[in-house]
Amino acid sequence: MKRRDLIKGLPLFPLMGSITGGLLSPGLLFAAQKTPRPDTPDYFEELGVTRVINAAATMTYLSGSLMLPEVLEALTATAHDFANMHELQDKAGAKIAEMLHCEAAMVTSGAACALVLGTAAAITGTDENKRKQIPNLPGPRPEVIMQKKHRYVFDQAITTTGAKIVEVENAEEMEKAINERTVMTLFFNAAVSWYGGKDSIGHEEFIAISKRHNIPSFIDAAADVPPVENLFKYQKMGFDLVTFSGGKMIRGPQSAGLLFGRKDLIEAAKLNHSPHEAPIGRPMKVNKEEIFGMYAALKAYLERDHKKEWQDWLNRISSIRNIIEDVPGLTTQVHVPAGPANVLPALDVFWEEDKIKISPKEIYEKLKSGQPSIMTSLATRNDKEILNVGVALLKPEQVNIVANRIKEILQTA
Ligand SMILES: *Cc1c(COP(=O)(O)O)cnc(C)c1O
């Protein structure tokens, strides 16, 4: 490749390599760019990385979700010019806040980063000294209140700031736990999805107690679209800070997320973030293209026909059912999680194991290690392990591939 070609192609083609054979034909993605050059390398192949068919969910270890064509266009279209990152974050944030009907917003490097920055903002406000010192502030540790039932793997993002988590089990305990060290309260929205059962303190009461003591309340709703309405719900309820992942069903860059809510807190969160050199958020940089990409993703997500998309997922499920259902001993059922997290229709597949001699775990492993590699999920229904096949993250042409592979494995079991 000539050096001139290399430079000319740089912003576009490394990205394109990673999606060729990917979600859409490059011709469609880059309508203005015409067809890809025939010598575009296949980077998956070059590094020996397996392409995975995702019939599971938006999991970070499976690279989240696939960016929408609009997002890929935004990434490449904005890669050719410099911008002042303060100005970009401010202007993208202002526009996002307008779109989400809240005071202020910013793009973070994912919801986990938003948890760090929101907590840091609650600790430091605009105090420059504190910004320089966290996570090692002098004196007793700042405290963040959570329901005991809401403790989860991502709350390490809270303690990363030096804060300590104080657990409460009911409204009375929450009232009592608030003291001069309390900086924030955190509500894990999907605790009921993850653990079952009810929250010990409901949303409204949680907000009311926080407000009564003038403590900012933060809700983690990272995986909680669809439905799209959730993007507006929690700020309206009265939470001071809200986060959603950008790289789940909003289908923005995998390393982007949204933090939005009260203006003073968002301003303080920005002070704790890149491009400032020192603060805790400096290693959680979001690049220029990702900020534009996150904005483009949100815009596309809000404009999408969500009913049609849901119907399209149901149609995919019907296609899979049509292919596999004539295997004797097999039963299928559409399953939609109650939410609020991962509310996507999927297909439960179960069978009489004396007729079809394979366990759900074995078929899961076979699909995973097969050619092509297909990731499904194992779920529990009525105390029994079953195979769960997701459809929302499939490319259209993968629907039948997944169905035929499942059928083939079941028939030869
Ligand atoms: C996925 C997830 C996160 C982390 O989100 P990223 O955008 O990957 O940083 C945090 N909290 C919950 C509840 C999640 O589901």
Side-chain angles (χ1 to χ4, degrees), residues 54 56-68 71 96 100 105-120 144 146-161 163 165 184-197 199 203 206 217-227 230-231 233-234 239 241-261 269 272-274 280-287 290-291 293-295 297-298 301 337-344 346 375 377 390 392-393:
N54 189 348
T58 53
M59 288 177 294
T60 292
Y61 92 97
L62 288 178
S63 60
S65 59
L66 297 179
M67 286 180 276
L68 290 167
V71 178
I96 291 168
L100 296 180
M106 66 183 293
V107 178
T108 65
S109 63
C113 168
L115 291 173
V116 175
L117 296 183
T119 312
V144 171
M146 284 184 78
Q147 304 183 41
K148 187 169 184 192
K149 274 186 168 175
H150 283 196
R151 293 300 307 271
Y152 65 145
V153 287
F154 289 106
D155 66 35
Q156 192 168 357
I158 304 298
T159 53
T160 298
T161 63
I165 292 170
M184 195 179 86
T185 61
L186 178 70
F187 197 101
F188 169 29
N189 199 39
V192 292
S193 292
W194 284 31
Y195 308 127
D199 299 316
H203 293 79
F206 193 87
S217 55
F218 188 163
I219 186 165
D220 175 356
D224 303 352
V225 286
N230 282 356
L231 278 168
K233 185 173 173 182
Y234 303 108
F239 281 101
L241 286 174
V242 185
T243 184
F244 281 87
S245 288
K248 290 177 179 168
M249 289 313 289
I250 299 174
R251 295 182 58 186
Q254 161 66 2
S255 49
L258 296 169
L259 176 63
F260 54 91
N272 279 286
H273 197 213
S274 174
I280 192 149
R282 180 57 176 82
M284 303 162 202
K285 182 190 277 184
V286 190
N287 71 31
E290 286 169 322
I291 295 181
M294 186 67 245
Y295 164 66
L298 181 65
Y301 189 73
N342 300 312
V343 182
L344 302 167
M375 289 302 304
S377 303
L393 301 172

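Start at 1 and go down the list; that is how both ligands and their atoms are numbered. Numbers for residues simply follow the sequence, beginning at 1. Below, each value reflects all heavy atoms present in this structure, side chains not excepted, and no hydrogens, waters or symmetry copies.
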Worksheet item: Do Asn189 and Asp224 have side-chain atoms, one donor and one acceptor, less than 3.5 Å apart?
Response: yes
Discussion item. Using the ring pair (Phe, Tyr, Trp, His ring centres under 6.0 Å) criterion, which residues pair with Phe188? Sequence neighbours excluded.
Written reply: Tyr152, Trp194
Per-pair distances, ligand 1 N/O vs protein N/O, less than 3.5 Å:
{"unit_1": "ligand 1", "atom_1": "5 (O)", "unit_2": "Ser245", "atom_2": "OG", "d": "3.0"}
{"unit_1": "ligand 1", "atom_1": "7 (O)", "unit_2": "Ala111", "atom_2": "N", "d": "2.8"}
{"unit_1": "ligand 1", "atom_1": "7 (O)", "unit_2": "Ser245", "atom_2": "OG", "d": "2.7"}
{"unit_1": "ligand 1", "atom_1": "9 (O)", "unit_2": "Ala111", "atom_2": "N", "d": "3.1"}
{"unit_1": "ligand 1", "atom_1": "9 (O)", "unit_2": "Ala112", "atom_2": "N", "d": "2.9"}
{"unit_1": "ligand 1", "atom_1": "11 (N)", "unit_2": "Asp220", "atom_2": "OD1", "d": "3.4"}
{"unit_1": "ligand 1", "atom_1": "11 (N)", "unit_2": "Asp220", "atom_2": "OD2", "d": "2.7"}
{"unit_1": "ligand 1", "atom_1": "15 (O)", "unit_2": "Lys248", "atom_2": "NZ", "d": "2.8"}

Worksheet entry | Interatomic distance, Leu117 atom CG to Thr160 atom OG1 [nearest 0.5 angstrom] | 11.0 Å
Item to complete: Please name all residues satisfying salt bridge (Lys or Arg N to Asp or Glu O under 4.0 Å) with Asp199, sequence neighbours left out, ordered by chain then number.
Response: none
Worksheet entry | Atom pair OG1 (Thr108) and CZ (Phe244), whose distance is rounded to the nearest 0.5 Å | 12.5 Å
Fill in: ring pair (Phe, Tyr, Trp, His ring centres under 6.0 Å) partners for Tyr234, two or more places apart
His203
